Amino acid sequence: MTEKYDHKDIEKKWQDTWEKSGMYHSNNTSSKPKKYVLDMFPYPSGEGLHVGHPKGYIATDIYSRMKRMQGFNVLHPMGWDAFGLPAEQYAIKNKVHPSIAVAKNVAHYKEQLSDIGFDYDWSREVNTTDPAFYKWTQWIFLKMFEKGLAYESYEPINWCPSCQTGLANEDLEDGKCERCGTVVEKKPMRQWVLRITKYADRMLEDLDALDWPVSIKESQKNWIGRSEGAEIDFKVKNSDKIITVFTTRPDTLFGAAYCVLAPELVENGEWGMENEEEVREYLKQVKQKTDIERTAEGREKTGVKLEGVSVINPANGEELPLYVADYVLGGYGTGAVMAVPAHDERDFEFAKKFGLPIKYVVAPRIIGEGERAYRPNFETLKRKVTNVILENDKGQFLLLIENKKDFHFIGGGIEDGDTDIETVHKETKEESGYTEIEIIGDKFNPVSTLSFRTPKQKNQDIIGFFYYAKLKSDNKIFCEVDEGKHEIGWYDKDQIADLINSRTHKTAWLNFLSGRNQIFTGEGDLVDSAQFDRLSSEEAKKKITDFVKGRWVTKYRLKDWVFSRQRYWGEPIPLIHCEKCGVVPVPEKDLPVMLPEVESYEPTGTGESPLADISEWVNTKCPVCGGAGKRETNTMPQWAGSSWYYLRYMDPKNTASLVDKDKEKYWSPVDMYVGGAEHATRHLIYARFYHKFLYDIGVVNYEEPFIRLQNVGLIMAEDGRKMSKRWGNVVNPDDIVSEYGADTLRLYEMFMGPFGQAVAWSTKSIVGPRRFLERVWKMRDKVNESHDSKAEAVLHRTIKKVGDDIETFGFNTAISSLMILLNELEKQEGATKKDYETFLILLAPFAPHITEELWREIGNKESIHLALWPTYDASKCVVKEITIAIQVSGKLRDSIIVKADEEEDTIKALAIARPDIVKWVAGKEIKKIIVVKGRLLNIVVL
RNA sequence: GCCCGGGUGGCGGAACUGGUAUACGCGCAACACUUAAAAUGUUGUCUGCAUUUAGCGGAUGUGGGUUCGAUUCCCACCCCGGGCACCA
C-alpha cells in the first residue's frame, strides 16, 4: 500500500469481483425483512447517458447499500423501457430495425451504468420489448377488456400531425405534442380507451396515505381535478326536452340569467331554433379553431342565441334565453351550464357583451369585530336595509351624521318585506328631506353584516342593498334632520372613505367607486332568493338542489386514457375483429401477439398503423366462430409497459403468471421509488391506475404500488440550461469516471445540493470530493492499533447523522458530516483501526470502490458491503465540555466552556461573574435569566 | 386567476422542536514547500464603522407583528420555480 490512489485500477477490479461473487443477487425467500428500492427505469436512447441520468441511481444505490448493511433483504433491480416513438424514430433515421437499435442502446447504457459501480441485481433485468415481458402487458389489457375497462370509441381525439398518431390528454403540453411541440388537431377516429376515470376517486383519496413529495401529490390532485356540485334540470319551454346543467354553485340559481350549451351538444341535438343557419355557421367556426386559439389570450367570449328557444329556471319559473358558446366545454360536466353573471367571471363577460341582466343573489358577509362582535346572549334583529348613495350636481355625496361622529349613507330598514324603488324615495325623504332624485341603474352589490350595536344593545343581522341616485333639485320637506335626529353633509369623493365608520357602507362605497357592477365570486349569504334568503351559500347549495330536485354529484377533470397509437413500435393490442362476433379477445394461450417483422415500419399517414399493411399478420381466424378475423392493428402507448414493470422484477422469468403470488406478497409494495418529477401526471398516474386494477382482480395484495417516492432534481449544464446535444453542453459520465473515478462522481453528485433540487453541474467543484477521497486514502497510513479513541463523540454523532440523512435522502449533509469526521481524525494525528473501519463503512454506500480497497488492505476478508452497519450510542454523542453562549437581553456578549453536566446555578453564577457580562449588566436590574440547556443563557436586563 | 414549493456570503449550500446564522465544499488571498509551476499543507475569507488589540453596529427577498430571543411562528407585499386553468 501507500501508493497513490489510482481509481482506475481499483474500480474495475472490484466491479469484476462483485459481479463474479453474485453478492448483489436478492433471494426471494429470507427471514430478513425486505426492502424494495426502485429506480424509474430508463428509456435507452441513442445518445447514451449524461451525468444527470445517474443521479437518481446513485441515490438508490446508496440507500440500498445501507439497507443491506442494516440487515435487510434488498431488491434493487434495473431494466429498460424501450417501446415507443423515440426508439422508432431513431430506427427510421438510422435505417436499422428498432429491435436492433434497442439492443445496441441497452448494451451501451448497461456498460455506462456498470462503470459507476451500482449494486443492481442484473439477474432480474427486464425489457418491455421482450415478448416474454409484453405477453403480460397484453394480458393486463385483456383483463381490462374483460372487465369493461377498455372500450372502443370514435370520439375526436388529439392527433399529432408530425408524429402521426393519436395522443392521450397526458401527452399534451399547452395544446402541443409533448414530444415534438407540434400543435395537435382534433381528429375523430376509431380508438381504444381505458376507463381510468372509474378510478379517479380512489386515486385521489389514497394519495393522502402516501409518503410522496407534496408537489407531486398536488399535481395529481390538480390533474384528477375533483369538484362537487349539482346537476339541475331546466325544462325547455314548449317542448319535452330537458337540459341538465352542472354547477358547483346551486346557491346562485336565483341569479341565473341564461343557459349555455357546448357546441357539441347543439351539433348532436335537435333544438328547433329559428336561426338554424346562423348557429350552424357558428359551429363551423368553432370547429376550425384549435384549443390553443380557443383559449388564447384575450379570448373574448363568442356565442349565438338559439332564437325562439327558452328554458325555465326550476327555482322561480323564470323564462331564460338559451345560447351556444364555446366557452362551455362538451367534455366536462354535462356540457351545459346555467349562467349567473353576477357571480361568475365568464358569465359576467358574456352577459356584458350580449346585454344580459346581472342579478345579485349572494352578498359577502361582514362580521363585526371587537366592540361590534356578535354576542350570543343578546337579541338579534334581522333587517333588510335600503341605502342610497346620493350625489349632487357638484359631484359631492350625501352623508348622514349621528352624534357628530357616526357617518353613513341614507338608509332605512324594513323588518320584513323587500327593498324597492319606492323605499329609496321614501328613505331619502325621511332622512334628508330631498324630494326629487333620479335613481341611476339597478341596485348593486348587496352586503350582509352581522354585528353588535352598542346603543341598541342588540345584535343586527343586516342585508344592505345599495342604490345610486342623483339629486335633481334642492326641493326639501320637513324631515328627521329638522327634528334634530341627525345632521347631513355633502362631501367630496375622496373624503368619503375616511369618514364612513360602518364596514358595510365602506365596502359598498368601494364597490361603487370601482364601477358599481362588481362580480362577487365568493360565498356569502343569499339575497333575493325567495325562501332561501339569508341562508349561507353552504346551506343553500343543498337546500336549493333539493328544492329543484337536483342531484348532488362529483365530477372529475381527468379524462379516460386514449390508449391506441397508430405506430409500429409498441405492443399489439390483442384483439380480433370478426364480422360475425364483433371484437373478440385473443385467447390467453395465444399470447403474446408478437409484433411482426415488417418491411417498412414508417407511419402510413392514413391514421392506420403500419401493421395494417401486413395482410398475412392481419388476417387470422376468429377464435370464437373460426371464421375470418382481422387483427387489431393499433399498438399500445409507451406507458403500457412502465405501468406495471416493477412487479415483474419480483419474478422476472415466470411463464405461468405475471408474478407469483408468494413472491409478490413478500416484495410488494415498493418501499422507495426514485425518479423525476416530470412523471407526476403520467407514469405515476398510469401505474397507480394499473396497480389498483390488478389489486381488484387479485393479482397484487396491496392497493398502492409505491409507498415512498423521492424526486431527483435535474442536473443542469454549467451554463444553467438543460443538458442537451442541441446546446452542446452535455457532460458525459464516462469522461468524469475516467478522469476522477466513479467514487468521486458519486460523491460529487450527492454533495452538490439537496437531492430533490435542480443544480448546475460544475466540473470545477468536483475536486472537492476528489480531495476528500485522497485524504481518506492517506489516512490509512495513520491508522494505529490503539483502543483509545480520541474522536468518540464526533464518531458517534456521525454514525447517527449519516444513517438519518441517508434515510431522508439528505445526502449532501451526510457527506458533509463525513468530511467533518475526517477533519477531526486528521486533527488527532491518526485514528484507531476500529474508528477508521467505522468511518469506511459509513462512507461505503457513497464510495463503494475505494472503501472496499482500504477495508481489505487493513485486513478484512469479506466485502465491506456485507459488513454490519454501525450503531451509535446516544450517551457517547455528548462531548464532555460544552460551550454555553451568554446573551444579555438577546444579544450575544460572551461564551463560557463548562462541563456537560454542570449545574444550572453554577453556570448562572459563572456567567454573571464574567467581566464582559459585568460590564453589560452594570447599573441595570436583572429581570430574569433564561437558560437553554446545553446551549445558551440569556440575561434579561431592564 | 387558483393551488403548491422556494428566496441565506462571490458560488453550491448548512442550521435540532423558536436558542451562538453563514457548518461542509468551491472560489479567492497570503504564507510554507519548489529554480518555477502544478499538487499538497497552513492561515484567513458575510458586511459597515473603528482598528495595534479589544470593540460596536447591520444583514437570512421587503415591510410590520408575537417573543427574553425569529432564517424558523403570524400578517401584508415583491420575486423565482412547478401544477391547473373559459373545468361552470
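Chain A is the first sequence line, chain B the second, and so forth, proteins listed ahead of strands; every chain is numbered from 1. Keep in mind that this is a model prediction, so the values were computed, not measured.
- Closest to the side chain of A:R893, out of B:rC84, B:rC56, B:rU40, is B:rC56.
- B:rU62 and B:rC78: their C1' atoms are spaced 7 Å apart (whole Å).
- Checked against B:rU20, B:rC56, B:rA88, the side chain of A:K919 finds its nearest nucleotide in B:rC56.
- Across B:rG25, B:rC3, B:rA88, the shortest atom-to-atom separation from the side chain of A:N222 is found for B:rC3.
- The base of B:rC68 is paired with the side chain of A:N938 by a donor and an acceptor separated by under 3.5 Å.
- The CG atom of A:N711 sits 13 Å away from the C1' atom of B:rC4 (whole-angstrom rounding).
- Residue contacts shown for A:P213 are absent, as no nucleic acid heavy atom lies under 4.0 Å away.
- With B:rG19, B:rG25, B:rG13 as the choices, the nucleotide that has an atom nearest any side-chain atom of A:I930 turns out to be B:rG19.
- If you check every strand for non-hydrogen atoms under 4.0 Å, A:V328 touches a base.
- For B:rA21 and B:rU60, the P atoms lie 12 Å apart once the distance is rounded to whole Å.
- The separation of B:rC31 from B:rA15, taken at their C1' atoms, amounts to 33 Å, rounded to a whole angstrom.
- The side chain of A:K891 contributes an N or O atom lying less than 4.0 Å from OP1 or OP2 of B:rG58.
- A salt bridge links A:E523 with A:K541; the closest basic N to acidic carboxylate O contact falls under 4.0 Å.
- No side-chain N or O of A:W761 forms a donor-acceptor pair with one of A:E749 less than 3.5 Å apart.
- With B:rC84, B:rC26, B:rC4 as the candidates, the nucleotide lying closest to the side chain of A:R557 is B:rC84.
- Taking atom P on both B:rA32 and B:rU17, the two are 47 Å apart, rounded to the nearest angstrom.
- Comparing the P positions of B:rA23 and B:rG9 gives a spacing of 13 Å, expressed to the nearest Å.
- Straight-line distance between the P atoms of B:rC26 and B:rA39: roughly 12 Å, to the nearest whole Å.
- Considering only side-chain N and O atoms, A:Y327 lies nowhere under 4.0 angstrom from the phosphate OP1 or OP2 of B:rA88.
- B:rG5 and B:rC80 make up a base pair, with Watson-Crick or G-U wobble contacts both under 3.5 Å.
- Between the CZ atom of A:R226 and the P atom of B:rC2 there is a distance of 23 Å, rounded to whole Å.
- Nucleotides B:rU71 and B:rG58, compared at atom C1', are 16 Å apart to the nearest Å.
- Nearest to the side-chain atoms of A:N812 among the listed nucleotides B:rU40, B:rG19, B:rA14 stands B:rA14.
- Taking only side-chain atoms of A:V337, from C-beta outward, the nucleotide of B:rA88, B:rG57, B:rC24 with the closest atom is B:rA88.
- For B:rC68, the base has no donor-acceptor partner in the side chain of A:K927 [N/O atoms by modelled type, under 3.5 angstrom].
- When the P atom is compared between B:rU72 and B:rG27, the two are found 32 Å apart, to the nearest whole Å.
- The interatomic distance linking A:D344 (CG) with B:rG1 (P) rounds to 17 Å, in whole Å.
- Under the 4.0 Å criterion applied to side-chain N and carboxylate O atoms, A:R721 and A:D719 are assigned as salt-bridge partners.
- Closest to the side chain of A:V759, out of B:rG19, B:rG27, B:rG12, is B:rG12.
- Donor-acceptor pairing under 3.5 Å is recorded for the side chains of A:S227 and A:Y332.
- Residue contacts shown for A:W212 are absent, as no nucleic acid heavy atom lies under 4.0 Å away.
- Both tests do not hold together for A:K301 against A:F350: distance to the six-membered ring centre under 6.0 Å, angle to the ring axis within 45°.
- Distance check, rounded to the nearest 0.5 Å: CG of A:N158 to CG of A:N169 gives 6.0 Å.
- Heavy atoms of A:Q887 sit under 4.0 angstrom from at least one base atom.
- With A:F755 as the aromatic partner, A:K55 meets the cation-pi criteria of under 6.0 angstrom to the ring centre and within 45 degrees of the ring axis.
- As judged by a 4.0 angstrom heavy-atom cut-off over every strand, A:I820 is placed among residues touching the sugar-phosphate backbone only.
- The nucleotide whose nearest atom lies closest to any side-chain atom of A:R775 is, among B:rG25, B:rG27, B:rA88, B:rG25.
- Considering only the side chain of A:R771, B:rG27 comes nearest among B:rG13, B:rG27, B:rA88.
- Backbone-only engagement by A:T813 is indicated by non-hydrogen atom pairs under 4.0 Å involving sugar-phosphate atoms exclusively.
- Listed pair A:R935 / B:rU20 meets the phosphate criterion, a side-chain N or O lying under 4.0 Å from OP1 or OP2.
- When heavy atoms are screened at a 4.0 angstrom cut-off, A:S816 is found touching base atoms of the nucleic acid.
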